[in-house]
Amino acid sequence: MRVLAVSDTHIPERASRIPREVEEFVSGRGYDVAVHAGDLVDESVIDFLRSVGREVYVVRGNADYLRLPRYAKFEVGGVVFGVFHGDGIYPRGSIPQLSRVAVKLGVGVLVSGHTHAQFVAYDKVGVVHVNPGSLTGAWGGWGGSGVPSLIEVSLGEGRVLVELYELEGGRVVRKGSWEFAPRGGGSGAP
């Protein structure tokens with residue numbers, strides 16, 4: 001089972017579209033779930049996610065004016081996921097504060113955005129934190145990498161595999177990989 005995690009597309013305000021190379025990379029990869037952690041801005045991004053994922057979960061970011069939920073929660077392969085944009089967390093991307101949100105939601109994996117900088121972290125309460133950065137490489141109020149990026153989470157055979165991809169030199173390239181073994185209640189543990 002495979003989950004696509006993206007965030008912060010900001011179309012059309014800060015980016016005109018998802019880069020063609022990124023669209024081609026994710027198309028046909030067979031995602032069971034496609035997740036957007038907010039600041040999509042335009043509803044056309046939801047249509048794109050529907051074209052690549054069997055199930056789609058999208059939450060509202062601070063730049064969104066669409067009628068979207070603030071949080072989403074779902075289960076894949078026995079692992080409980082939560083989705084939250086991350087606005088209202090200071091400093092942006094604070095793992096201890098994001099962990100409080102994850103515990104409140106009762107999830108083992110929390111997908112967040114808002115920083116425009118991609119990261120994967122495992123906290124002391126047993127939550128895997130996944131921030132895919134910006135799918136378009138859009139600039140953010142806090143900076144960010146400026147590089148289009150996404151994360152895939154694969155589940156199966158007693159493991160959670162998190163892979164970070166970035167657009168580099170006209171190709172989508174895997175930049176990192178982390179593996180976690182699921183633990184009771186759907187939490188990930190290294």
Side-chain angles (χ1 to χ4, degrees), residues 1-11 13 31-50 52-136 138 140-142 144 149-153 155 160 162 164 180 182-189:
M1 304 201 70
R2 188 181 299 175
V3 176
L4 170 66
V6 301
S7 190
D8 295 288
T9 45
H10 288 277
I11 295 172
E13 294 174 348
Y31 297 108
D32 296 288
V33 178
V35 173
H36 196 298
D39 281 358
L40 54 151
V41 182
D42 191 80
E43 210 163 337
S44 66
V45 177
I46 298 172
D47 294 335
F48 170 71
L49 294 174
R50 287 183 180 131
V52 299
R54 288 190 329 198
E55 292 180 38
V56 173
Y57 296 91
V58 180
V59 297
R60 182 180 71 243
N62 58 299
D64 288 319
Y65 298 99
L66 303 170
R67 294 180 57 93
L68 298 167
R70 184 152 167 79
Y71 306 95
K73 185 175 168 180
F74 61 94
E75 186 175 329
V76 177
V79 177
V80 182
F81 284 73
V83 188
F84 167 60
H85 182 60
D87 55 316
I89 301 291
Y90 297 102
R92 289 184 190 210
S94 166
I95 297 300
Q97 290 186 45
L98 288 169
S99 293
R100 285 190 203 88
V101 172
V103 168
K104 181 180 174 184
L105 292 174
V107 301
V109 177
L110 182 66
V111 179
S112 64
H114 193 53
T115 66
H116 293 236
Q118 53 278 42
F119 65 79
V120 175
Y122 179 77
D123 69 13
K124 63 184 179 182
V125 296
V127 175
V128 177
H129 292 273
V130 173
N131 185 320
S134 169
L135 186 64
T136 59
W142 190 56
S149 57
L150 61 100
I151 286 181
E152 289 183 352
V153 181
L155 300 108
V160 175
V162 180
L164 168 65
F180 305 93
R183 191 166 63 163
S187 300

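- Using modelled atom types and a 3.5 Å distance limit, the side chains of Tyr31 and Glu55 yield no donor-acceptor pair.
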Is there a side-chain contact (heavy atoms from CB on, under 4.5 Å) between Val79 and Phe81 once you walk through the steps?
CA-CA 6 Å; Val79 177; Phe81 284 73; 3.9 Å; yes
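- Asp64 places no side-chain N or O within donor-acceptor distance of the main-chain N or O of Leu66, the cut-off being under 3.5 Å.
- In this structure, a donor-acceptor pair under 3.5 Å is absent between the side chains of Thr136 and His10.
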Working note: Val35 + Leu4, criterion side-chain contact (heavy atoms from CB on, under 4.5 Å); need CA distance, chi angles, decisive distance, verdict.
CA-CA 6 Å; Val35 173; Leu4 170 66; over 6 Å; no
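- Across every non-hydrogen atom of Val59 and Ala72, the tightest pair is CG1-N, 3.6 Å.
- No donor-acceptor pair under 3.5 Å is formed between the side chain of Asp42 and the backbone N or O of Ile11.
- Shortest non-hydrogen contact noted between His116 and Ser134 is ND1-CB, 4.0 Å.
- Closest non-hydrogen pair, Asp39 versus Ala63, comes out as OD1-N, 2.7 Å.
- At least one donor-acceptor pair closer than 3.5 Å links the side chain of Ser99 to the backbone N or O of Ile95.
- Here OG of Ser7 is found 11.5 Å from CG of Leu150. Values are rounded to the nearest 0.5 Å.
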Show your working on side-chain contact (heavy atoms from CB on, under 4.5 Å) between His85 and Asp8 and close with a plain yes or no.
CA-CA 9 Å; His85 182 60; Asp8 295 288; 3.2 Å; yes
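- The pair Arg2-Asp32 fails the salt-bridge criterion, with no side-chain N (NZ, NE, NH1 or NH2) lying under 4.0 Å from an Asp/Glu carboxylate O.
- Taking each heavy atom of Gly126 and Asp123 in turn, the nearest pair found is N-OD1, 2.9 Å.
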Under the side-chain contact (heavy atoms from CB on, under 4.5 Å) criterion, do Phe84 and Ile89 qualify, and how do the steps go?
CA-CA 11 Å; Phe84 167 60; Ile89 301 291; 3.8 Å; yes
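- Screening Ile151, Val111, Leu155, Val162 against Val3 for a side-chain contact (heavy atoms from CB on, under 4.5 Å) leaves a single residue, Leu155.
- Atoms CG and CG, from Leu40 and Leu135 in turn, are 11.0 Å apart once rounded to the nearest 0.5 Å.
- Among all heavy-atom pairs drawn from Ser149 and Gly133, the shortest one is OG-CA, 3.7 Å.
- Looking at heavy atoms from C-beta onward, Val130 lies out of side-chain contact with Leu110 at the 4.5 angstrom threshold.
- Although no hydrogens or angles enter the test, the distance criterion places no donor-acceptor pair under 3.5 Å between the side chain of Ser112 and the main chain of Asn131.
- You'll find the side chain of Val83 stays beyond 4.5 Å of the side chain of Tyr71, heavy atoms only.
- One distance of note links NE2 of His36 with CZ of Phe48; it measures 10.0 Å at 0.5 Å rounding.
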Does the pair His114 and Asp87 meet the rule for a side chain to side chain donor-acceptor pair (under 3.5 Å), with working shown?
CA-CA 6 Å; His114 193 53; Asp87 55 316; 5.5 Å; no
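- Around the CD atom of Gln97, the shell of radius 6.0 Å holds more than 12 heavy atoms that belong to other residues, nucleotides or ligands.
- Contact record, Tyr57 with Lys73: CE2-O, 4.3 Å, taken as the closest heavy-atom pair.
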